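Structure, as structure tokens:
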Amino acid sequence: MTLDQVYENRKAKVIDIKGGIGIRQRLGQMGIHPGDEITMLRYGALRGPILIEVHGSQVALGRGIASRIMVEETE
Amino acid sequence: MRIALAGQPNCGKSTIFNNIAGYKAITSNFPGTTVKYMETRTHVFGFTCDCVDLPGTYSLTAGDPAELEARRHLLSGDVDVILNVVDASLLIRSLELTLQFLELEVPMVLCLNMMDEAQRKGIQIDVKKLSDLLGIPVVPTIAITGKGLQELFVEVLKVYEAKRKGKTLKFSKDIEAIISDLGSVLHSEWPVNEKVPSRFLAIKLLEKDEFFIKEVRGVIHLFKEIEKFQEQLEQIHGVPSDEVISSERHALAMNLFERASTVIHPPKKDFRIVIDHWVMHKFFGYLILAGVFYGFFNFIFGIGGYIEEPLMTLFNEWIGDLEELFGKESLALFLSKGVLQGIAGGIAIVLPYLVPFLIGLSILEDIGYLPRVAFLMDIFMHRIGLHGKSIIPFILGYGCSVPAVMATRILEFPQHRFIVSILTTMIPCAARITIIFALVAFLISPNAALAIFALNILVVAIFGKILSLLFPYPEASLGLILEIPAYQLPPVRNTLKKSWYRIREFIVIAWPILIIGSVLLALLEYGGGEKYINWFLSPLTHALGLPFPVGTTLIFGLLRKELSLIMLTQALGTTQVLTVMTKTQIIVFTVFITFYIPCLATIAALWKEIGKKGALLTILFTLSVAILLALATRVFFGIVR
Ligand SMILES: Nc1nc2c(ncn2[C@@H]2O[C@H](COP(=O)(O)OP(=O)(O)O)[C@@H](O)[C@H]2O)c(=O)[nH]1
């Protein structure tokens, strides 16, 4: 599944990031790499960005990006 | 001794810098506000030390101009000690950058800031252990209270004297082997710059760093060789070579974190989470957003109007006295009136609105509300064809267009930077807001002023859509990736000093220009010169249905926007604007002022950011938009009346 499909307040583990070097680097900077655990905090209105927590910091991600992050739910 | 403060956005760098520099850097709770870097000279234990506050960067890959700038400075050889500030409560992510700094092989000290936050999150850090693992001094601090900063500089000094570099933390064996092979190839094949360590260079090339790849691309055989190394790495690990390196670094950081820290209790659930539940809510979030800005508006207008009225009456009396003193047509009257009106404009018209505005904006910035606004507004920005992060320059634009134009550097694509730079100059800056307040809200009604702000947002949105269709940017453009930092209580001292710093800029730079401009206009009037300017601009003023003398004020507005307002009262010969201009004229004038050509300082900033053509285009564009809108306003009120 992709990150934007995870329900609010659930945790998921990143398996893969689809996309080029640009997106990998920008996500990496925010502490998002394959293997990292992410908590889905909330969805924005309409198809607005999602808010996640990763390694203790909160990050807002556009849906487009979230849909390129492949994850598996962990709980 | 030259120290460079470096770290990720929001780690508290500016707070530390201010602590030593006396509030020259602007701190705020918004990722990436330090775009240009600040430098200060202080004395630490008898050493003169030049301290640079680098733009906050998440990594050392040349992702955006700010990152490139930080890296260029660190590699320039002008840095004796890197003072790496990290947010201790976000240690894993921060350590990744620390590892990249270590690759630069420059003496370094690690400042573990925000220890109070880390404690709240239940993270206990073994400082000694971390220091041993990294091979550099590690000092825990709480920058807002100043705790630990003394010790920090003691360590910086020691490192400087010993020229002590950190350890090189090694990746997995096979990767290190490739790095060192590539390193030796580089060493013999490429005129390696002494300041750039070859291990660092090898890593960057394996990471496909755009900047360094471009440098070697010219040397074809070397470039081929490098590609071979990249492929080798990819074959072993089954993922692109840049990902191999970044995963390795990530793993190293995780490993360091695990060895040097323990999570002793789960994060305390604090009220900030509850606040965010409402502030970022799908529905209530927008209500709160509207409420905050409406409240903000009333706060400024309430304070400003309350102060403006009695002061204006006072100054009018004095101007009347001057006429009696010098006689009606004397040069002395014109001169003294010019000076007095310049002073009055500053005290009675600009400052009453500017001060509450800047303090309010500082508070919103410092508590960290702005990134939440970006979260809420992202989807709407996309609707008008812009990237969600564009909201940042727009919001800063309400303060001043110059930092707003510079803040467009956080956007990835040049086309995008171009569009947003042009649009952000149309956002009314503090000076223009003052005009809207003093003319429209004060003389007509607060709601009319709100209508002008709403019109402005609508127009910017429409042109955002049009420009993004005209100058499309790559579809591959990434969506929003933005850190939402935890709320911070605005440190009162810090917020006030920051506002003071901005207000002082008005007082020492803009105000003298206002007074000089005012005197100049008085002289022009005395000599009859302003007639020519007015005559030259009469087609415009005539078309807009504005009084003839208004022409000159528009020219002066190009220097500083506030001038238009102050000149207006002077050009019309009275501070009772309503006696000589109709309400429609006032609104048309304000609409025109809000949109037309940015001030000189902004044009200079545009020139630098998007080039000469871009700056010229902006001038033409904003001028046409202003004329069209002012005409439309005139026609609209002509029909309504
Ligand atoms: N709780 C806490 N907040 C801090 C500390 N140091 C800085 N801050 C706050 O963190 C925010 C970001 O700081 P700033 O200096 O602007 O970070 P910069 O982006 O790295 O320059 C500001 O609101 C500071 O008041 C600290 O040690 N503890």
Side-chain angles (χ1 to χ4, degrees), chain A residues 2-5 7-11 13-71 74-75, chain B residues 8 10 57-59 61 63 67 87 89-94 96-97 118 121 123 207-208 210 239-240 242-243 246-247 249-251 253-254 257 267 273 276-277 280-283 285-286 371-372 374-380 382-383 387-388 412 476-486:
Chain A
T2 54
L3 181 60
D4 58 329
Q5 294 165 337
Y7 287 109
E8 283 182 10
N9 296 320
R10 294 279 186 88
K11 287 185 175 26
K13 197 167 119 183
V14 179
I15 302 172
D16 192 17
I17 295 168
K18 299 255 174 273
I21 176 165
I23 181 167
R24 276 200 306 272
Q25 278 183 352
R26 309 232 51 117
L27 289 174
Q29 290 173 1
M30 291 293 167
I32 304 170
H33 311 256
D36 287 322
E37 188 168 80
I38 289 178
T39 312
M40 171 68 92
L41 297 178
R42 63 172 60 247
Y43 291 102
L46 305 167
R47 279 196 49 82
I50 60 167
L51 184 69
I52 59 161
E53 186 179 305
V54 57
H55 298 304
S57 67
Q58 293 190 4
V59 180
L61 295 178
R63 293 277 169 115
I65 293 195
S67 69
R68 298 212 228 159
I69 303 177
M70 313 302 292
V71 297
T74 49
E75 64 171 76
Chain B
Q8 297 186 325
N10 274 308
T57 57
Y58 285 105
S59 74
T61 34
E67 284 170 359
D87 180 342
S89 69
L90 301 175
L91 199 55
I92 297 182
R93 198 191 70 194
S94 312
E96 274 179 56
L97 181 60
K121 283 198 184 164
I123 304 170
E207 276 186 294
K208 301 181 185 160
E210 248 174 72
V239 286
D242 64 282
E243 197 176 331
S246 83
S247 311
R249 216 182 265 126
H250 186 53
M254 298 270 269
F257 177 77
I273 296 171
D276 259 345
H277 179 72
M280 299 176 82
H281 192 274
K282 271 180 203 153
F283 174 70
Y286 294 93
R372 270 94 187 160
F375 175 82
L376 291 171
M377 296 305 292
D378 181 67
I379 184 74
F380 299 102
H382 276 288
R383 289 278 153 90
H387 191 289
E412 282 116 276
S477 121
L478 299 174
L480 186 73
I481 302 183
L482 181 69
E483 187 187 358
I484 310 284

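Remember, it's a predicted structure, so these values are computed and weren't measured experimentally. Below, chain A is the first sequence line, B the second, and so on; all start at residue 1.
- Looking at B:M280, the atoms closer than 4.5 Å to chain A (heavy atoms on both sides) sit in the backbone and in the side chain alike.
- A:R63 places no side-chain N or O within donor-acceptor distance of the main-chain N or O of A:D4, the cut-off being under 3.5 Å.
- With rounding to the nearest 0.5 Å, the separation of CD1 in A:I38 from CD1 in A:I52 is 4.0 Å.
- If you measure heavy-atom distances from B:D276 to chain A, the contacts under 4.5 Å come from both the backbone and the side chain.
- Distance check: A:L61 CG to A:M40 CE gives 8.5 Å after rounding to the nearest 0.5 Å.
- For B:Q8, the part lying near chain A is the side chain, with the backbone staying farther off; criterion is any non-hydrogen pair under 4.5 Å.
- Aromatic ring pairs are classed by plane angle as parallel below 30°, tilted from 30° to 60° and perpendicular above 60°; the pair B:Y286 and B:F380 is perpendicular.
- A distance of 10.5 Å separates CE in A:M70 from CG in A:L3, rounded to the nearest 0.5 Å.
- A search for side-chain hydrogen bond (donor to acceptor under 3.5 Å, both in side chains) contacts involving B:S246 returns nothing, not counting sequence neighbours.
- Counting heavy-atom pairs under 4.5 Å between each of A:P49, A:G62, A:G64 and chain B puts A:P49 at the top.
- Only the side chain of A:L46 comes within contact range of chain B, judged by heavy atoms closer than 4.5 Å.
- For the set B:K208, B:E207, B:K282, the count of heavy-atom pairs under 4.5 angstrom toward chain A peaks at B:K282.
- Ranking B:H250, B:H281, B:M377, B:R93 against chain A, the residue ahead of the rest is B:H250, based on heavy-atom pairs under 4.5 Å.
- Listed by first and then second residue, the side chain to side chain donor-acceptor pair (under 3.5 Å) pairs that reach into residues 42-56 of chain A are A:D36-A:H55, A:R42-B:H277, sequence neighbours excluded.
- Of the listed residues (B:D242, B:L90, B:D378, B:L91), the one with the most heavy-atom contacts under 4.5 Å to chain A is B:D242.
- With no hydrogens or angles considered, no side-chain donor-acceptor pair links B:Y58 and B:E96 at under 3.5 Å.
- Only the backbone of A:I50 comes within contact range of chain B, judged by heavy atoms closer than 4.5 Å.
- With a 4.5 angstrom heavy-atom cutoff, B:K121 touches chain A only via side-chain atoms.
- Contact count versus chain B (heavy atoms, under 4.5 Å) is highest, among A:P34, A:G31, A:A60, for A:A60.
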